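It should be emphasised that the depicted structure is a prediction, and the values quoted were computed from it without experimental measurement. Position 1 is the first residue of the sequence; numbering continues from there.
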Amino acid sequence: MTSNNSAVHKAVIPVAGLGTRFLPVTKAMPKEMLPVVDKPAIQYVVEEAVNVGLNDVLMITGRNKRALEDHFDRVPALEATLAEKGDTSKLQSVQSTSNLGDIHYVRQGDPKGLGHAVLRAKQHVGYEPFAVLLGDDLIDARDELLSTMIEVQAKTGGSVVALIEVEPEQISSYGCADIIHNGEDGYVRIKELVEKPAPEDAPSNLALIGRYVLHPAVFDVLEKTEPGRGGEIQLTDALQVLAAGQGEGYGVYGVIFRGRRYDTGDKLSYLKACVELACDSEDLGPGLRAWLPGFAASLDK
Ligand code: UTP
């Protein structure tokens with residue numbers, strides 16, 4: 001675990017969504033438990049938080065929470081068997097997940113949207129800035145994002161979102177940001193946020209991805225936020241209020257991320273993420289890379 005001198009100590013990971021894009025696999029299993037190479041997606045996300053010193057992790061869970069909790073729990077019988085066999089590498093991989101941070105759970109109840117899920121963290125977080133990481137959005141461990149966002153939050157005192165540039169026709173799948181200036185300090189100020197606009201109505205091609213560092217002022221705003229798009233309480237709508245208003249904790253800033261990101265929430269992106277990450281993996285990479293060109297060539301026949 002990394003020591004942490006910043007004001008941000010807590011990570012909130014909402015995992016209570018229904019995962020309808022990934023049915024039927026998500027009928028009885030959270031999409032965050034889908035394996036990406038040899039770890040469930042959620043493990044990458046918890047590791048990312050812990051790597052920047054956010055050792056206090058709160059998961060907002062739902063009906064299918066069992067597998068998630070079990071994954072981060074100890075399994076004494078399995079550990080004893082592996083120890084007896086002297087299989088230290090497997091033993092280490094089993095133990096590493098139960099030693100990751102200090103993980104807490106709260107249920108969302110009804111999945112009424114991402115904003116509603118984040119509001120469930122109010123009591124645990126208290127009045128301090130905190131990070132939100134979406135469990136189906138993976139950021140490559142070799143690329144920095146969260147630590148930069150934490151620095152920007154400390155500098156600005158507001159809330160910080162992560163943005164990527166997308167093709168204009170893709171913007172309707174994301175929250176979209178209208179920025180005030182193209183920041184030279186590595187971040188931009190956000191004038192307006194719109195949830196999933198049609199391409200012709202989008203103010204930019206800057207799309208929100210699943211990392212936020214939020215001022216606790218967001219909780220008061222979320223309490224007053226009415227259901228928006230899709231009948232859900234949208235985090236983007238609350239951030240729009242913070243972006244447009246003034247006062248302590250108001251102001252929303254964006255860090256534009258140009259590193260490697262993998263979306264595991266939809267089927268095709270998930271498959272691409274698995275192939276990309278497996279190609280980079282030390283043990284599976286060589287075999288997969290050797291097989292892929294031949295397979296790709298066979299597709300043209
Ligand atoms: P998504 O919109 O990607 O999740 O929410 P979803 O609703 O599960 O997915 P689809 O569209 O039906 O396939 C982003 C994140 O917010 C969480 C999800 O678990 C996901 O990590 N979420 C969403 C909640 O925790 N609660 C909600 O009510 C909605």
Side-chain angles (χ1 to χ4, degrees), residues 11-50 54 57-73 97-98 100-101 103-121 131-141 145-146 161-162 164 166 170 172-175 195-196 207-212 229-236 257 260-278 281:
V12 173
I13 308 185
V15 289
L18 296 177
T20 54
R21 282 169 296 161
F22 232 121
L23 282 167
V25 74
T26 45
K27 190 177 167 198
M29 182 175 94
K31 64 178 165 184
E32 293 82 4
M33 280 305 292
L34 284 170
V36 179
V37 190
D38 55 0
K39 297 191 280 194
I42 188 70
Q43 189 175 332
Y44 292 86
V45 177
V46 173
E47 284 171 353
E48 181 189 338
V50 171
L54 309 181
V57 175
L58 176 70
M59 285 194 204
I60 315 294
T61 66
R63 196 173 51 83
N64 300 327
K65 69 163 185 171
R66 259 298 292 282
L68 282 155
E69 284 198 19
D70 287 351
H71 185 70
F72 294 101
D73 199 3
T97 53
S98 39
L100 264 179
I103 305 187
H104 309 266
Y105 302 88
V106 64
R107 285 231 185 181
Q108 187 181 359
D110 221 3
K112 292 189 204 156
L114 179 58
H116 181 252
V118 170
L119 185 55
R120 297 287 292 129
V132 175
L133 295 85
L134 300 193
D136 55 357
D137 215 340
L138 309 192
I139 300 295
D140 198 298
L145 174 60
L146 201 51
V161 298
I164 56 167
V166 298
Q170 293 174 339
S172 57
S173 307
Y174 296 87
E195 183 62 22
K196 301 192 170 92
L208 260 71
I209 57 167
R211 296 294 178 272
Y212 307 82
R229 210 172 188 285
E232 296 193 337
I233 298 176
Q234 299 287 355
L235 180 60
T236 310
F257 180 63
R260 288 157 284 195
R261 164 187 179 250
Y262 314 96
D263 173 8
T264 64
D266 112 308
K267 290 179 186 175
L268 183 60
S269 312
Y270 166 79
L271 289 172
K272 289 180 187 170
C274 291
V275 173
E276 279 184 52
L277 281 164
S281 128

With a 4.5 Å cut-off on side-chain heavy atoms, are [Y] and [X] touching?
| X | Y | answer |
| --- | --- | --- |
| E195 | L235 | no |
| L68 | P30 | yes |
| V25 | M33 | no |
| I139 | Y44 | no |
| R21 | K31 | yes |
| L134 | V45 | no |
| L119 | K112 | no |
| M59 | V46 | yes |

Original post:
Should the pair K39-E47 be classified as a salt bridge under the 4.0 Å nitrogen-to-oxygen rule?
Top reply: yes
Please check this pair: side chain of [X] against backbone of [Y], looking for a donor-acceptor N/O pair closer than 3.5 Å.
| X | Y | answer |
| --- | --- | --- |
| Q108 | G113 | yes |
| D137 | G210 | yes |
| K267 | L23 | yes |
| T236 | G175 | no |
| T264 | Y270 | no |

Where [X] and [Y] come nearest, the two heavy atoms and their spacing:
| X | Y | result |
| --- | --- | --- |
| L54 | A131 | CD1-CB, 3.6 Å |
| C274 | P35 | SG-O, 3.9 Å |
| A16 | G62 | CB-N, 3.8 Å |
| V12 | A121 | CG2-CB, 3.7 Å |
| L18 | P111 | CD2-CG, 3.8 Å |
| R229 | Q234 | O-NE2, 2.9 Å |

**OP:** Might you work through the side-chain contact (heavy atoms from CB on, under 4.5 Å) test for Y262 and V36, ending with a clear yes or no?
**Re:** CA-CA 10 Å; Y262 314 96; V36 179; over 6 Å; no
Quick check for you: to the nearest 0.5 Å, what is the distance between [X] atom [atom1] and [Y] atom [atom2]?
| X | Y | atom1 | atom2 | value |
| --- | --- | --- | --- | --- |
| L34 | F22 | CG | CZ | 5.0 Å |
| L138 | E276 | CG | CD | 11.0 Å |
| D266 | D136 | CG | CG | 9.5 Å |
| Y212 | L133 | OH | CG | 10.5 Å |
| R211 | I164 | CZ | CD1 | 11.5 Å |
| D110 | E232 | CG | CD | 10.5 Å |

Original post:
Going through the distances and angles, do Y105 and R107 end up as a side-chain contact (heavy atoms from CB on, under 4.5 Å)?
Top reply: CA-CA 7 Å; Y105 302 88; R107 285 231 185 181; over 6 Å; no
Subject >> Partner set under side-chain hydrogen bond (donor to acceptor under 3.5 Å, both in side chains) for D70, not counting sequence neighbours >> reply: R66
